[in-house]
Amino acid sequence: MRTCSWMSVAALMAGALTAAPAMAKTVALSHFTLIDGTGRAPVKNSAMIITDGKISWVGPAAKLKAPAGVQVRDLTGKFVMPGIIDSHVHLGLVDGITQDLKYYTRESVERQLKLYAAYGVTSVQVLGTDKDEIHDIVRDIRADPAGRARVWTAGRGVVFKGSYGGVVGLPAQVATPAEATAMVDREAAKGADFIKLWVDDEFGTIAERMPADISTAVIAEAHKDGKKAVAHVFYYDNAKELTREGVNGFAHSVRDRAVDAPLLSAMKAKGVWQIAATLSREASFTYDLLPFVDDPFFSRGVTPQVIADLRNPERRTRLSSSPTFPKYPAVLKYAMENFGREAKAGIPYGMGTDSGPSARFPGYFAHWELELMVKSGITPLQALTAATGSNAKFMGATNVGTIAPAKAADLLVLDKDPTADIRNTRAIDSVYLAGEQVPTIWQTCTGRAADACTGGPK
Ligand SMILES: [Zn+2]
């Protein structure tokens, strides 16, 4: 409902000779417990005014002065937090659980962004597998999200020729520091918000990881272009070297051994972030059948065909007989323990899932990730802060991540207290994107008719 104060009606009438001012759209929310994304303790009996998609006032419900004619939505018993930010995703890569870059279209990207929003994930950061079309989509969303989660993108990430990283079909390989430098400049010029690089060899199955002279060149050029450099890492040794080279963030945990005091103190000294621990990624590889296929919060976000494909005995045999399958329990254990050690040591961290590739599900994985982060030794409030204010801080996303005046009204309204039990992030009452309610996963099945939903109600 569009509402006008008398003031703006008068201004509108008087303003006929000048430019007609747009009517402000105002929404007021009251009597909720506020979790503001800064890490501050929740504040009961809070209220908020949203004007034209932005938070214009937040404070105690007793001091709420809603403009005349604005209906106040009473959220007694509910919890309001900033929309979740997933700092590590890939968009548009799959149809069901089949992965192929040919599925990357504006339509498929936007469909996924709406699914993220339905799960309360109102911003995502894409780590290096975007086609160039992303920059047009990002511009459109920045002007008006229209139900789509906001996007920050690395464009194409830098892959060392023949080594691990990127996606098949998207040219992103460099062989020399000069090629790396040129590629970084190209991505920055196209509009990349930051630069991604991969340093890995897939359990030693690939001959060479990106050499240090190339990662050094990538990081230095990113900084010259005013961008942060974010690295895919697996090995402790690479994390140490990249820290020395000035990398800004790690997009995965170290997963080959325990992090130790020398690495932790180097990361701290250089200000390196663990932007994503991707615990849900490692956990997903640990099972031949994902442990949540029957959970309606999951199944409502996918087609019945996806459930059937996940249950398919042939797929499960193929997965469980792969040589990497037995490695993942240890990989997950290192990822969780190392994340816990970093948090304890005061390394800054965000929340990211690496969802988007086959069987790593947009939206649902963010909630699973939060749960696994808490299992790794942080509090629910710390996990929520990582996924909101901290992610925004690393991304330089000044308009999202916290609840304060002038921030975008990207909100997740919950029926239950997520600081008491992190799984309560799933009790989604409503989601606001730029002040507009969008269909939640409990209200929609990713845009399909309700009778096509696999899962039941909450
Ligand atoms: Zn990734």
Side-chain angles (χ1 to χ4, degrees), residues 1-15 20-85 117 120-123 141-150 384-385 387-389 392-393 397-415 417-419 425 428-440 443:
M1 266 278 291
R2 202 157 262 266
T3 46
C4 284
S5 70
W6 282 110
M7 187 75 142
S8 60
V9 172
L12 194 68
M13 291 163 73
M23 267 192 303
K25 180 174 177 180
T26 306
V27 175
L29 309 175
S30 80
H31 294 102
F32 54 83
T33 298
L34 172 69
I35 298 163
D36 72 2
T38 66
R40 191 165 70 125
V43 183
K44 286 182 179 165
N45 271 313
S46 293
M48 182 189 313
I49 299 175
I50 300 165
T51 310
D52 289 335
K54 288 183 182 168
I55 296 161
S56 50
W57 178 85
V58 58
K63 293 193 175 165
L64 172 66
K65 287 193 182 71
V70 170
Q71 222 184 351
V72 179
R73 191 173 167 217
D74 186 347
L75 295 178
T76 300
K78 300 195 193 291
F79 298 80
V80 176
M81 60 174 279
I84 293 169
I85 303 170
V121 179
T122 52
S123 293
I141 293 175
R142 283 184 189 164
D144 179 9
R148 301 162 293 182
R150 297 172 201 270
L384 298 172
T385 307
T388 54
K393 188 175 172 192
T398 54
N399 60 332
V400 297
T402 52
I403 292 178
K407 300 284 179 182
D410 294 0
L411 308 170
L412 178 51
V413 182
L414 302 171
D415 290 326
D417 183 359
T419 66
T425 57
I428 300 174
D429 168 88
S430 43
V431 176
Y432 289 83
L433 234 177
E436 298 282 348
Q437 279 199 50
V438 301
T440 74
Q443 295 163 336

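All values reported here derive from a predicted model rather than from experimental measurement. Along the sequence shown, the residues carry numbers beginning at 1.
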Are [X] and [Y] close enough that some pair of their side-chain heavy atoms sits under 4.5 Å apart?
X: Leu75; Y: His31; result: no
X: Asp52; Y: Lys25; result: yes
X: Val58; Y: Leu34; result: yes
X: Thr402; Y: Asp36; result: no
X: Trp57; Y: Lys63; result: yes
X: Tyr432; Y: Leu29; result: yes
X: Met48; Y: Ile55; result: yes
X: Thr26; Y: Ser56; result: no

- Checking Asp410, Leu433, Thr122 against Pro145 for side-chain contact (heavy atoms from CB on, under 4.5 Å), the one that qualifies is Leu433

To check you understand the geometry: which heavy-atom pair defines the closest contact between [X] and [Y], and what is its length?
X: Thr385; Y: Gly37; answer: CG2-O, 3.5 Å
X: Pro82; Y: Gly401; answer: CG-O, 3.4 Å
X: Gly120; Y: Val431; answer: CA-CG2, 3.8 Å
X: Thr440; Y: Ser430; answer: CG2-CA, 3.7 Å
X: Ala47; Y: Leu64; answer: CB-CB, 4.0 Å
X: Gly147; Y: Ala117; answer: O-CB, 3.6 Å

- Query: Can you name the salt bridge (Lys or Arg N to Asp or Glu O under 4.0 Å) partners of Lys78, sequence neighbours left out?
  - Reply: Asp415, Asp429

Rounded to the nearest 0.5 Å, what's the gap from [atom1] on [X] to [atom2] on [Y]? Could you check?
X: Phe32; Y: Leu411; atom1: CZ; atom2: CG; value: 8.0 Å
X: Leu384; Y: Leu414; atom1: CG; atom2: CG; value: 8.5 Å
X: Asp417; Y: Met81; atom1: CG; atom2: CE; value: 11.5 Å
X: Gln443; Y: Gln437; atom1: CD; atom2: CD; value: 7.0 Å

- Does the pair Thr33 and Lys44 meet the rule for a side chain to side chain contact (heavy atoms under 4.5 Å, CB included), with working shown? CA-CA 4 Å; Thr33 298; Lys44 286 182 179 165; 3.8 Å; yes

- Can you check side chain to side chain contact (heavy atoms under 4.5 Å, CB included) on Ile403 and Thr388, steps first, answer last? CA-CA 10 Å; Ile403 292 178; Thr388 54; over 6 Å; no

- Item | Partners meeting side chain to side chain donor-acceptor pair (under 3.5 Å) with Thr398 (sequence neighbours left out) | none

- Message: Between Leu412 and Val80, does the side chain to side chain contact (heavy atoms under 4.5 Å, CB included) criterion hold? Intermediate values first, please.
- Response: CA-CA 6 Å; Leu412 178 51; Val80 176; over 6 Å; no

